[in-house]
Amino acid sequence: MDIGVYFSCSALIILSIFALRFYLKPRIKNDETDIYSILLILTILGLLLEILTCIWFKMGVDVNDFIYKFFSKLTVSYYFIWSALFYKYLLIICKSTKKTQKIFNVLIILIFMVLMFLPMNFYQIEGIITPKGIMVNVVYVLCFIFTLLDIYMCIKHHKHLTNSKFTPLYALLVLGSLDFVLGVVSPQLFLIGYIFSLIIIIMFFTIENPDVKMIEQLNIARDQAEKANNAKTEFLSNMSHEIRTPLNAIDGFSQLILEENNIDTIKDEARDIMAASQNLLEIVNGILDISKIEANKLEIVNVEYEPHKVFDELVKLTKARIGDKPLEFKVNIAKDLPEYLNGDYIRLKQIAVNLLTNAVKYTKNGSITLNVDVVKKDNVCRLIISVKDTGIGIKKENLDKIFTKFERLDLEKNITIEGTGLGLAITKKLVELMHGKIVVNSTYGKGSTFTVAIDQKIVKKVKTIKVVEEEKTTKQVNLKGKKVLIVDDNLINLKVAARLLLSYKIETEEVSSGFDCIKKIEEGNKYDLILMDDMMPKMSGVETFKKLQEIDGFDIPVVALTANAIAGMKENYLKQGFNDYISKPIDKKELERVLKTYLKAK
Ligand code: ADP
């Protein structure tokens, strides 16, 4: 048997394995994988035909037998069809038009049909049967033309030739030329079918056949990103509305105050301005909390506290929120709630406030119930706080979405209810950070119950209690005789800070730039404290602070007083060397803490 058939057999085995791998693995349907699939099947069929005709001949078939001739013609045509389809692969990777590809398909079919009718016969050299005749010559010419076309493609797309998709083409040109030389030296070494198989194997690694699973994951990730993006856009437009509402109140009432002479009316309007400012601050704090959560900067600070006081405050706050809404507020606090606990009571309060605020917001009438139960074990007290309302409820399909940031649901019903869609996302994260759990039960149209379970340590003996301490700080302190330099480029901010300090009888001086601040110190002016804004034009607060440090004998405490309050800012300013940090708008308690720390009586 001629050597070529052994090559064909081994190629058939290897190619079948590749075919199995190709068809068993999920694949992307595109033009490249389609043409590869056709070429793969065609090559396997071609190898089978080569082997079949060879064995058939060895078995002593009459070469003029019609069926043998038909199969031999198919085998010869196979070389033409393969060359043509390989060229089509090149057309595809070179992004030729669909129309060109269609015309090409029709041409191949027509030529194939003509070929099958052309005469073909055989001759034998050294016992090897070789087909000859017009059909064979035409196929040789056609294959040669395709080789020229392949080379033309190489030249035409020379800029992209480093693309791995062209590798099968180079392999074909090199191996084809080698086969041509071998064929001249040793005619029984007819290896073209074997070479086609090698090309198909190379193509397996170069065609665009990305991992389907990866694509699916990418699609999911893209969908999620799109969803998040849409939610953010919605959040921004919602936020713009949320921020403008209190701003409108602040602006409107301020104008009214200017025109008003009655001191009581002015006081009323000032109170409304304060309420609107508080609302605005809550929105901004919500955004800051989310940014801290995303930057993993939100920390739980455990201190000793009196839970009764925390819940009393919550009740007061909720009653104020309910105002004149027709809502009954029921409170049941466990009798055995420990007197003192250790935990982050500020965050605990924030969680409960969020749930109670939502209950008030999403309930038109009926009742809201705050239940606080405790389960004690050793020195741990599990606080089970549940907030029940008879409000609008949440649809089943929305239950798992409510804890997603920026998600606001049932907007057609909630359109008039203010909200940012951040509250529950923050709440859930806080509960998780405190190693607790939050669950929600809701019946659409009837009401919802949010339940939170958080473990807190029971404290037996108490040294310092935060809540009590805070109450003390609210008493006004007299710091007469102290002098503070305020540095801020914004004149209104200067005025606010100076006015706040005046209420402690502190003498102030105000400058509106870092340069003026340095000048004052260099002139030998003495201060007990400097409050320094950071974001100032020309010279920032940080730059001013650095320059101050270079002045001989400078030892005045400098506190960053800035609206730059995103995650990690406090740590950042302390790292720069500032003695302390207060964020704007100024919280009176914070200001007092700083004043007490740095302006001790001499
Ligand atoms: P929002 O600022 O919109 O209130 P939240 O994160 O607090 O943001 O709540 C997310 C969404 O969950 C709300 O928009 C609302 O659709 C729903 N929701 C929250 N609490 C309740 C409740 N008690 N009753 C009904 N729906 C609620």
Side-chain angles (χ1 to χ4, degrees), residues 227-228 230-246 276 278-294 298 314 317-318 321-322 325-331 347-371 385-433 437-452:
K227 249 181 94 189
N230 290 344
K232 260 192 187 171
T233 311
E234 209 174 282
F235 163 78
L236 279 179
S237 74
N238 187 19
M239 197 54 81
S240 154
H241 166 257
E242 287 301 305
I243 291 174
R244 276 162 185 274
T245 308
Q278 213 52 43
N279 184 1
L280 195 56
L281 193 61
E282 265 174 35
I283 295 170
V284 176
N285 283 344
I287 301 170
L288 289 181
D289 274 347
I290 276 287
S291 93
K292 275 190 194 163
I293 286 169
E294 290 189 344
L298 203 136
L314 274 173
L317 230 140
T318 312
R321 284 247 152 99
I322 292 175
K325 243 183 160 183
L327 285 177
E328 190 190 348
F329 184 36
K330 303 177 199 166
V331 182
R347 296 300 184 185
L348 184 82
K349 208 163 123 187
Q350 191 178 350
I351 292 168
V353 165
N354 279 347
L355 300 181
L356 285 163
T357 309
N358 277 351
V360 177
K361 273 197 316 194
Y362 299 105
T363 311
K364 269 203 189 111
N365 44 44
S367 65
I368 292 168
T369 313
L370 168 69
N371 271 313
I385 306 166
S386 82
V387 176
K388 190 174 169 194
D389 65 55
T390 56
I392 59 169
I394 303 159
K395 286 182 188 158
K396 242 197 182 112
E397 65 267 26
N398 286 339
L399 275 177
D400 50 351
K401 292 189 201 152
I402 54 172
F403 296 107
T404 312
K405 62 174 186 277
F406 309 138
E407 281 279 7
R408 300 206 71 219
L409 311 163
D410 217 1
L411 279 180
E412 64 280 7
K413 255 189 162 185
N414 293 350
I415 199 81
T416 53
I417 303 174
E418 288 171 2
T420 55
L422 291 178
L424 285 181
I426 296 170
T427 304
K428 183 158 193 261
K429 195 69 204 174
L430 289 176
V431 172
E432 280 168 5
L433 283 172
K437 278 218 159 63
I438 178 164
V439 285
V440 51
N441 277 311
S442 188
T443 312
Y444 189 56
K446 290 205 164 150
S448 321
T449 308
F450 286 81
T451 308
V452 170

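Indexing begins at 1, ligand by ligand and atom by atom, following the structure's order. Residue numbers run from 1 in the order of the sequence given.
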Novice: Show which atoms of ligand 1 fall inside a sub-4.0 Å distance from at least one heavy-atom site of K361.
Specialist: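 Taking each heavy atom of K361 in turn, ligand 1 has 1 (P), 2 (O), 4 (O) under 4.0 Å.
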
Novice: What verdict does the side-chain contact (heavy atoms from CB on, under 4.5 Å) test give for Q350 and L430, after you've listed the backbone C-alpha separation in whole Å, the side-chain angles of each residue and the deciding distance to 0.1 Å?
Specialist: CA-CA 9 Å; Q350 191 178 350; L430 289 176; 3.6 Å; yes

Novice: For K388, which of T449, I368, L370 qualifies under side-chain contact (heavy atoms from CB on, under 4.5 Å)?
Specialist: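 It is T449; the other options fail the test.
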
Novice: Return yes when atom NZ of K437 has more than 12 non-hydrogen atoms of other residues, nucleotides or ligands closer than 6.0 Å, and no otherwise.
Specialist: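 Not buried by this count: 12 neighbours or fewer within 6.0 Å.
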
Novice: One pair to check against side-chain contact (heavy atoms from CB on, under 4.5 Å): K428 and I402. What are the steps and the verdict?
Specialist: CA-CA 10 Å; K428 183 158 193 261; I402 54 172; over 6 Å; no

Novice: List every atom of ligand 1 that sits less than 4.0 Å from any heavy atom of L422, numbering the atoms from 1 in the order shown and giving each element.
Specialist: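 Heavy-atom distances to L422 below 4.0 Å select 6 (O), 8 (O).
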
Novice: Applying side-chain hydrogen bond (donor to acceptor under 3.5 Å, both in side chains), run through T451 and S386 and close with a yes or a no.
Specialist: CA-CA 4 Å; T451 308; S386 82; 4.6 Å; no

Novice: So, does G393 sit close enough to ligand 1 that a heavy atom of it is under 4.0 Å from the ligand?
Specialist: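 Under 4.0 Å: yes for G393.
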
Novice: Any atoms of ligand 1 less than 4.0 Å from a non-hydrogen atom of I394? List them with their elements.
Specialist: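 Near I394, the atoms of ligand 1 are 25 (C), 26 (N), 27 (C).
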
Novice: Between the candidates I426, T449, L399, N358, which shows the shortest non-hydrogen contact distance to atom 7 (O) of ligand 1?
Specialist: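 Considering heavy atoms of I426, T449, L399, N358, the nearest to atom 7 (O) of ligand 1 sits in N358.
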
Novice: Side chain or backbone of F403 under 4.0 Å from ligand 1, or both, or neither, by non-hydrogen atoms?
Specialist: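 Neither; nothing of F403 gets under 4.0 Å from ligand 1.
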
Novice: Would one find an N or O of G423, backbone or side chain, under 3.5 Å from an N or O of ligand 1?
Specialist: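 Min N/O separation from ligand 1 is below 3.5 Å for G423.
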
Novice: Number the atoms of ligand 1 from 1 as they appear, then name those within less than 4.0 Å of a heavy atom of L424, with their elements.
Specialist: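 The list of qualifying atoms is 5 (P), 6 (O), 7 (O), 9 (O), 12 (O), 19 (C).
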
Novice: Are R347 and D289 close enough for a salt bridge, meaning some N to O gap below 4.0 Å?
Specialist: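 Result for this pair is yes, salt bridge flagged.
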
